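Beneath this line is the structure, given in structure tokens, with notes to follow.
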Amino acid sequence: GRFGKFGGKYVPETLMHALTELENAFHALATDEEFQKELDGILKDYVGRESPLYFAERLTEHYKRTDGTGPLIYLKREDLNHTGAHKINNAVAQALLAKRLGKQRIIAETGAGQHGVATATVCARFGLQCIIYMGAQDMERQALNVFRMRLLGAEVRAVHSGTATLKDATSEAIRDWVTNVETTHYILGSVAGPHPYPMMVREFHKVIGQETRRQAMDKWGGKPDVLVACVGGGSNAMGLFHEFVDDQDVRLIGVEAAGHGVDTDKHAATLTKGEVGVLHGSMSYLLQDDDGQVIEPHSISAGLDYPGVGPEHSFLKDIGRAEYDSVTDQEALDAFKRVSRLEGIIPALETSHALAYLEKLCPTLPDGVRVVVNCSGRGDKDVHTASKYLEV
Ligand SMILES: CC/C=C(/N=C/c1c(COP(=O)(O)O)cnc(C)c1O)C(=O)O
């Protein structure tokens, strides 16, 4: 359960059995025709897969240079999935897994509320009890999703400890799981946490990259040249990247949250400014002070406002296979507005970080290079926050 030195299972003894049981159940699914058939059916007819690979014509025009040269921009439309983000891919699969484990009580953490809504959605669909842990600050800034979760039948529990954001919600969910592991499955929402979660969640999202390879072949008879995705815990990025890790000619670029700037203490750029440490059961890069205390992160986007990152990203960084950069809150807000105005697509603030990175990337790309940006989610949940900062 390791990616080089990263990953592992740094959890209390009481969770070890549940993690082993989960890993065994996951591996059993790989050969369970029934499960694969049910999962593929749900992804197609309920989630609405496959998601389009959309050529963003006006965004491409925006990056054309005066000599008419420039890259071609494509968006992988995970925002068009049911519930409005990539999160549903993992939630569906883990709900089916929980049913096979005979667990009727589901818990989850959420920051942006998209994973929370995805979990509440699959619990409604499969008749499972649902409890979502969410930081009080995030309940404020993603209020639309709190109402949606409750409408879908979930109990949303406010977490007030720490910065009352994603890290604190995750800690609370793990505490619940330690107490109720016999009856409860924890649908962890990203490629973080103890083994098998980082590998398992990546496997449940790799459909994003698999579809992209097929769609690229259909559209232009080749592969994408550059893949760009925002990185919070790292699941939408790993979902797009995994398929292409062995294609050395495909660049993988992860974009983190620089908040007020990576040279301030208000950011969440873990891979740029973090050190190796342990958080939520996994060894990975982590924003920590000299005493190893976790530094409170900041991002305008709740889904990137996390001091840790999935261990597989730490590995891809250390072996030099993937590149990681960051953009500020303001750059993300500018992209939020730019893509709305140019393509009629209102992206989530998390997604806006990947889209903002095009401003830095495109001027460096030769003519005709094909860039696929993971459009991880829609921005309805963010219009209230954005209205405080943007003149529209
Ligand atoms: C699991 C906690 C993260 C959440 N969301 C993260 C998120 C992210 C960042 O999460 P990762 O893909 O796991 O890095 C990107 N795009 C959208 C639309 C998101 O909602 C959530 O609670 O919804």
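Whatever order the structure lists ligands and atoms in, that order sets their numbers, starting from 1. Owing to the predicted nature of the structure, the values given are computational and were not obtained by experimental measurement. Heavy atoms only: backbone and side chains are in, while hydrogens, waters and symmetry mates are out.
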Distance under 4.0 Å to a non-hydrogen atom of [X]: what atoms of ligand 1 satisfy this?
| X | value |
| --- | --- |
| His115 | 1 (C), 21 (C), 22 (O), 23 (O) |
| Leu304 | 9 (C) |
| Gly234 | 11 (P), 13 (O), 14 (O) |
| Cys230 | 15 (C) |
| Gly377 | 18 (C) |
| Thr110 | 21 (C), 22 (O), 23 (O) |
| Gly113 | 21 (C), 22 (O), 23 (O) |

Test your reading of the model: is there a side-chain donor-acceptor pair from [X] to the backbone of [Y], 3.5 Å cut-off?
| X | Y | result |
| --- | --- | --- |
| Arg58 | Leu342 | yes |
| His353 | Leu349 | yes |
| Glu78 | Asn236 | no |
| Thr14 | Val178 | no |
| Glu296 | Gly162 | no |

Spatial distance of atom CG (Leu166) from atom CG (Asp305) [nearest 0.5 Å]: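 Taking CG in Leu166 and CG in Asp305, the distance rounds to 7.5 Å.
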Polar-atom distance check: [X] versus ligand 1, any N or O pair below 3.5 Å?
| X | value |
| --- | --- |
| Gly232 | yes |
| Gly189 | no |
| Gly111 | yes |
| Asn236 | yes |
| Gln114 | yes |
| Gly233 | yes |
| Lys381 | no |

Tell me: protein heavy atom nearest [atom], and distance?
| atom | result |
| --- | --- |
| atom 1 (C) of ligand 1 | Glu109 OE2, 3.4 Å |
| atom 16 (N) of ligand 1 | Ser376 OG, 2.8 Å |
| atom 9 (C) of ligand 1 | Gly303 O, 3.6 Å |
| atom 5 (N) of ligand 1 | Lys87 CE, 3.3 Å |
| atom 11 (P) of ligand 1 | Ser235 N, 3.3 Å |

Tell me whether ligand 1 is touched by His86 - counting only heavy atoms on the residue side and a distance under 4.0 Å.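 So His86 counts as touching ligand 1.
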Answer yes if the ring centres of His205 and His86 are under 6.0 angstrom apart, and no otherwise.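 So the answer is yes for these two rings.
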Please assess Asp318 against Tyr285 for the test side-chain hydrogen bond (donor to acceptor under 3.5 Å, both in side chains), listing each intermediate value before the final yes or no. CA-CA 10 Å; Asp318 269 15; Tyr285 278 97; 2.6 Å; yes
Return the orientation label for the [X] and [Y] ring planes: parallel under 30°, perpendicular over 60°, tilted otherwise.
| X | Y | value |
| --- | --- | --- |
| Phe204 | Phe35 | tilted |
| Tyr324 | His313 | perpendicular |
| Tyr74 | Trp220 | tilted |

Could you please spell out the steps behind the side chain to side chain contact (heavy atoms under 4.5 Å, CB included) verdict for Gln142 and Met134? CA-CA 10 Å; Gln142 308 281 225; Met134 187 171 195; 3.9 Å; yes
Could you see which bit of Val117 sits under 4.0 Å from ligand 1, with heavy atoms only: side chain, backbone, both or neither?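 Neither part.
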Side chain, backbone, both or neither: which applies to Val191 and ligand 1 if a contact is any heavy-atom pair less than 4.0 Å apart?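 It is neither; nothing of Val191 touches ligand 1.
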Between Tyr186 and Glu109, do the side chains contain an N or O donor and an N or O acceptor separated by less than 3.5 Å?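 Yes, because at least one side-chain N or O of Tyr186 sits under 3.5 Å from a partner of the opposite role on Glu109.
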